[in-house]
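Presented below is the structure to which this report refers.
These numbers come from a predicted model, not from an experiment. In what follows, chains are A, B, ... by sequence order, proteins preceding strands, each numbered from 1.
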Protein chains: 2
Amino acid sequence: MSLPQAAARYLQVKDFILERIAGGTLRAGERVPSENELTRTLTVSRMTANRALRELAADGVLVRVAGVGTFVAEQRVHAHPLEVRNIADEIRSRGHEYRVKVLALESVSASRELAERCGVKMGAQLDYSLLTHFADAAPLQVEERYVNPQVAPGYLRNDFSRTTPHEFLIRVAPLQRAEHIVRALVPERRIRRLLRLEPGEACLLIMRRTFSHGRIASVADLYHPGSRYELAANCQPR
Amino acid sequence: MSLPQAAARYLQVKDFILERIAGGTLRAGERVPSENELTRTLTVSRMTANRALRELAADGVLVRVAGVGTFVAEQRVHAHPLEVRNIADEIRSRGHEYRVKVLALESVSASRELAERCGVKMGAQLDYSLLTHFADAAPLQVEERYVNPQVAPGYLRNDFSRTTPHEFLIRVAPLQRAEHIVRALVPERRIRRLLRLEPGEACLLIMRRTFSHGRIASVADLYHPGSRYELAANCQPR
DNA sequence: ACCCTGGACCTGTATAGACAACTAGCTCCC
DNA sequence: GGGAGCTAGTTGTCTATACAGGTCCAGGGT
């Protein structure tokens, strides 16, 4: 029986910055408040502000120049092999119209199983979303996602019609590593209906965990209709 | 005209740890000196030691457990993204007995469709094999493969009980590049029976093309039972 | 017109001290 | 014998303070 532990102050500072970037108040190239300004406005010590800015810089979110200031980094493209690409781009690049439907968007308390998968304690709050991505009129992906707000804050306030979860996460919690497990299955009824699967149609499930700041930023189950989706991957051995 | 700037002390501490890991003094799972120990032995402040260990943990080199200590992280497997590993090794490494059954092994004439997929002219001769790979008694992969004898000769004479197609091809036609397409489906009856699928069970299909000497060496369809097989892939962006 | 020097402000680093939360092991008491 | 509670050690965080070095600009001297 304990009060929800207040987030560490350096995390609050990071959130302060990340929210302003995600919300558009701070744009690429712009100057973010200096350590001393943060010390005054957020009443934290300079070392705490320093840690926040330093970690954001290490993650590539900010760029720091000694003697000058700290700036929002230019957006960098994260195209690495087997990156499951942004579903919106993927759909648009094939000449279809992209549309997303938000079926759920809320904060949930982690069950034991979920907590283990997300690397948090049981009962911790996680941001949850359930989306369907459409190519023209046909559903192409059901995305069920849990986001750790400690790592990627502000997820629930994202406007998914403009920014896909993928895009949001890349911006807010720079991708360090991703883990994929791919399975084929005939899914439960809920997913079948959302994907409008034919009876007996299979489904490609990609279970994805993304890491940022050395922690799990997000856990996603991506369901795709077997008849209309395939995953391509190229390997260049070295 | 300045003396070579001494490295920051937290960097010296990081090096101290990294050198001991590289040199074998510290092995995976072993405990590294605590912050207080480093404070004493290296005469740095605890915050400096803390920063060094914290950053190494963020990089995945160390694992820290509050109240317990700091440990060298277990070696991360650096599997090539979506490299489909040798199925025999994969089965054996999970503690199962590997067995293969050769269902067909012959030379065939390429149909129009097949010729296109294999990058040869219609009617060209291709080596064909149909194998089932077993883990203990259960089929884990049905492998249907076409090999271009111009690129990888001698395929039909291979002893598959000793050398998997994968191993053979790697030896005969050095792998230059691989192309994968992954699909989920409920397969045709022939595959269902070979994989002993439950009614309505899905199947993970990996369609693989390997390139050698700039040409397509082999085209393979790898069918896996959805309930007993999953594909793992990790991405380390750089 | 040019230089150059100070000061203001910034990041980068280092330290000492403090408190919290957690863990493992020990002791003590029942 | 076993459970409760204490304790030492560990990580995690926060603060106040200090100094070094980089950058930029304004103002003054040449």
Round to a whole Å and report the spacing from [atom1] of [X] to [atom2] of [N].
{"X": "B/Asn50", "N": "C/dA16", "atom1": "CG", "atom2": "P", "value": "14 Å"}
{"X": "B/Glu35", "N": "C/dA14", "atom1": "CD", "atom2": "P", "value": "15 Å"}
{"X": "A/Glu37", "N": "C/dA8", "atom1": "CD", "atom2": "C1'", "value": "13 Å"}
{"X": "A/Arg46", "N": "D/dT15", "atom1": "CZ", "atom2": "C1'", "value": "13 Å"}
{"X": "A/Arg51", "N": "D/dT11", "atom1": "CZ", "atom2": "P", "value": "14 Å"}
{"X": "A/Asn36", "N": "D/dG22", "atom1": "CG", "atom2": "P", "value": "19 Å"}
{"X": "A/Arg64", "N": "D/dT23", "atom1": "CZ", "atom2": "P", "value": "15 Å"}
{"X": "B/Leu38", "N": "C/dT15", "atom1": "CG", "atom2": "P", "value": "12 Å"}

Original post:
Is A/Arg208 salt-bridged to A/Glu143, cutoff N-O under 4.0 Å?
Top reply: no
Original post:
The side chain of B/Thr70 lies closest to which of these nucleotides: D/dT11, C/dT11, D/dT15?
Top reply: D/dT11
Original post:
Any idea which of C/dA14, D/dG12, D/dA16 is nearest the B/Ala66 side chain?
Top reply: D/dG12
Subject >> Residue pair A/His166, A/Ile87: steps toward the side-chain contact (heavy atoms from CB on, under 4.5 Å) verdict >> reply: CA-CA 8 Å; A/His166 185 78; A/Ile87 184 78; over 6 Å; no
Subject >> Residue whose closest nucleotide on DNA chain D lies nearer the 5' end, A/Met47 versus B/Val65 >> reply: B/Val65
Original post:
Which is it for A/Phe160 and A/Tyr155 under the ring-ring contact (aromatic ring centres under 6.0 Å, His included) test, yes or no, and what are the steps along the way?
Top reply: CA-CA 10 Å; A/Phe160 292 101; A/Tyr155 183 69; 5.2 Å; yes
Distance test, side-chain N/O of [X] to OP1/OP2 of [N], below 4.0 Å:
{"X": "B/Thr48", "N": "C/dT15", "answer": "yes"}
{"X": "B/Arg31", "N": "D/dT10", "answer": "yes"}
{"X": "B/Tyr10", "N": "C/dT13", "answer": "yes"}
{"X": "A/Ser34", "N": "C/dC9", "answer": "no"}

Original post:
Could you state the interatomic distance from CD (A/Glu55) to CG (A/Asn50), rounded to the nearest 0.5 Å?
Top reply: 9.5 Å
Original post:
Of A/Lys121 and A/Val32, whose nearest nucleotide on DNA chain C comes first from the 5' end?
Top reply: A/Val32
Original post:
What are the two closest non-hydrogen atoms of A/Thr70 and A/Arg64, and how far apart are they?
Top reply: OG1-NE, 3.1 Å
